[in-house]
Amino acid sequence: MTGIKLTVLIVDDTPENIDVLSAVLEGLGCELMVATSGPRALELAGRRRPDLILLDVMMPGMDGFEVCRRLKADMSLAEVPVIFVTARADDISTGFAVGGADYITKPINADEVLARVRHQVERQVLLRDLRDANRSLEERVRERTAELTLANRQLRVEINERRYMQDRLNYLATHDFVTRQHNRGALDAHVSELLARIQRQAGSAVFLLIDIDQFRLVNETCGCIAGDELLRQFAELVAGALSRTDFFARTGGDKFAVVSEDPSEDGGAALARQIHQHISEFEFQWEERAFKLAATIAVVRIQRDIVSFDQLMLMADEAAYRAKREGRGAIVIHDPKRSAAEPHRESINWALVLFDALKQQRLRLYAQRLEPLAAASQGPVPLLHVETLARLWDAVRGKLLMPTQFIAPAERFHLITDIDRWMIDQVIQLLAEVPELHPGIGQVAINLSAISVRDGTLAGYVAGLLARHQVPGRLLCFEITETQAITNLQSATGFMQQLHDLGCRFSLDDFGSGFASFTYLRRLPFDSIKIDGMFVRDMDTDDVHSGMVRSMAEMGRLLGKPVVAECVENERVAGQLRELGIDWAQGFAFHQPEPLTADLLRRWVGVGAVAQQPV
Ligand code: C2E
Ligand code: CA
Ligand code: CA
């Protein structure tokens, strides 16, 4: 049956009956409790719950039925099975009615008692096992539930972390570190999406380009920490003037942009005025100083005729340029019809012409040879020196455009770095085509604009190209103008050092035009000096100019650097230069710039054209 000892309570007012029942049950190995009255039985049962009760029906005072009723009414005892012990057959139904489980008839028959008691005991044991099984099952379910809850919670934490990291990455990729506003990349994406939408569904929006007027002043007089703080406060200020649906971004430097899809009747002018109002009420404080701010705002209406972000930026830049000319704090609305009738039209055309030219490969590589003057400064065979010059093919007018026409607009529209890189690409590729000529080449000069010199990635770009095409760096010379070098002293020095390490050389272009001090010039690691053509061209007729060329030649000697004179247009000038001990001459008197090709290089180096005596 079971290893656990069961407790049986025998209730009878006749002690002899108790004895008989006890004797019968002894063989079952149960623990017995006895009571001789109903109240006593309830008390015992309450104190220690029996597993089975044998209950006499006929007892004085409280009979067995009443005892059973009370047991069943007690939550803790209701489950204890009761077997009535009775002499009367008609008690049986009452016994079941009050909750009895079975009955035993008097006189007591041992076998019957054993059989019925055993039955109840077995049932009790089974019930208990079932209860135990249920309990452990419940426990396991509870444990699993707890585990699941924990796993779930962990999963949720992980999901949240992942989502947070994803959001953070997205945020960093699309926001500006200083102002926490959107960056140029995000603006590009937003505008491109908007333009596509406008192409499909019509509609219009306005684009505002905001340029802080005194940013450089603050940045230079108070330092870049103040500059950053100004940008942050300025961004907050402008953001405060916008509505929630406006898109706001920092496009770089001290420029911000707003895209508003909810333009007022006047196409953005009201919004620009509102931003101006906010700015005019603001004062930037730094340490003891206070700066009143102003900003130039260019407004462009975004319509179907604008097809790309770059095009939009060019238009906005053009309007901003016009706004700057109108003075501090101006608002200029870009109006294609009005612009067309104005002299500024040239500049708009330039923006688009340049933009297309770069895309359609309409730049041309030209070169002009330098002529050795002072044989003393050369080796036994003077090596080929050339300066490359950019040209632009104007397909519409069918003619070549000169750098004097397009370099300034290219700088204004930030396209100059593309032009400079294009020239560098072409020169290096060309040199890679003719490795056999390398020993005969002294240097190929490439002009660089200030913006390229400031571009921190250009030196690495050149290094990469030289390595890829296996072209020795010593073949390249970069020409940087005096003013560019001085105004970007820091970046120019770093840039020059990096490229010097690769063997590249530097020439100080347009020397004399900027009147830079000798001390400054000494600080920059130039390898040669190029006297500005404006002094050379007419030095045979202008005494002041010839005097200046003389002192510049002197200066070159003091610095220990070879000197080149450009714009040598006639033999008289060439003769004077020779007398002054100038090393190289460059000009129409010797050579007109022409397209630079591998064949031309072969002709120059191969036939020994360089070795010919100067005119
Ligand atoms: P630069 O560096 O001073 O170049 C010399 C300019 O003088 C060239 O004009 C050349 O054609 C011209 N020249 C040569 N010999 C004579 C002469 O005997 N008389 C006269 N009057 N002029 C002569 P170009 O090609 O129009 O270039 C003008 C300027 O544009 C260059 O001045 C240079 O600063 C810039 N430039 C040219 N190509 C590039 C380029 O690829 N990148 C950059 N950033 N600037 C360039
Ligand atoms: Ca030059
Ligand atoms: Ca020059």
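In each ligand, atom 1 is the first atom listed, and ligand 1 is the first ligand listed.
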Please check if the side chain of R362 supplies one atom and the backbone of W393 the other of a donor-acceptor pair under 3.5 Å.
-> yes

Under 4.0 Å, heavy atoms only, figure out whether ligand 1 is touched by the backbone of R391, its side chain, both or neither.
-> side chain

Answer yes or no as to whether an N/O/S atom of N447 is found below 3.0 Å from the Ca ion (ligand 2).
-> yes

Close-contact set for ligand 1 against G587 heavy atoms, below 4.0 Å | 15 (N), 18 (O)

Measuring from the heavy atoms of E387, does anything fall under 4.0 Å of ligand 1?
-> yes

Proximal atoms of ligand 1 relative to D509 (non-hydrogen, under 4.0 Å) = 2 (O)

Which atom, counting only N, O or S, brings E387 closest to the Ca ion (ligand 2)?
-> OE2

Here the atoms of ligand 1 under 4.0 Å from any heavy atom belonging to M423 are 41 (O)

Indicate whether the side chain of E371 and that of Q586 have a donor and an acceptor atom separated by less than 3.5 Å.
-> no

I416 N/O to ligand 1 N/O under 3.5 Å | no

For ligand 1, which part of V568 has a heavy atom less than 4.0 Å away: the side chain, the backbone, both, or neither?
-> backbone

Counterpart residues, side-chain hydrogen bond (donor to acceptor under 3.5 Å, both in side chains), relative to S192 (two or more places apart) = D188

Just which atoms of ligand 1 are under 4.0 Å from any heavy atom in D510?
-> 3 (O)

Taking the inter-plane angle between the rings of H591 and W604 on a 0 to 90° scale, is it parallel (under 30°), tilted (30 to 60°) or perpendicular (over 60°)?
-> perpendicular

Before accepting this row, confirm whether a basic side-chain N of the pair R578/E571 lies closer than 4.0 Å to the acidic partner's carboxylate O.
-> yes

What are the atoms of ligand 1, with element, lying closer than 4.0 Å to any heavy atom of E566?
-> 3 (O)

Check: F588 N/O within less than 3.5 Å of ligand 1 N/O | yes

Tell me yes or no: between the side chains of T457 and R421, is some donor less than 3.5 Å from an acceptor?
-> yes

Where the closest heavy atom to atom 34 (O) of ligand 1 is concerned, which of V573, N447, I480, I424 has it?
-> N447

Kindly report the OD2-the Ca ion (ligand 2)-OE1 angle for D509 and E479 respectively, rounded to 10°.
-> 90°

If the plane angle is over 60° it's perpendicular, under 30° parallel, otherwise tilted; pick one for H385 and W584.
-> parallel

Going by the atom numbers of ligand 1, which of them fall below 4.0 Å from some non-hydrogen atom of Q368?
-> 14 (C), 15 (N)

Between T179 and D176: side-chain donor-acceptor atoms closer than 3.5 Å | yes

Those residues at least two apart in sequence (or on a different chain) that pass side-chain contact (heavy atoms from CB on, under 4.5 Å) with Q498 are A459

Assign the ring pair H182 / F247 to parallel, tilted or perpendicular, where the plane angle (0 to 90°) is split at 30° and 60°.
-> parallel

Using heavy atoms and a threshold below 4.0 Å, how should the contact between Q586 and ligand 1 be classified: side chain, backbone, both, or neither?
-> neither

Measuring from the heavy atoms of P593, does anything fall under 4.0 Å of ligand 1?
-> yes

Which option, H591, E569, Q426, owns the non-hydrogen atom nearest atom 19 (N) of ligand 1?
-> E569

If we ignore angles and hydrogens, is there a donor and acceptor under 3.5 Å between the side chains of D538 and H545?
-> yes

For ligand 1, does L389 get within less than 4.0 Å through its side chain, its backbone, both, or neither, judged by non-hydrogen atoms?
-> both

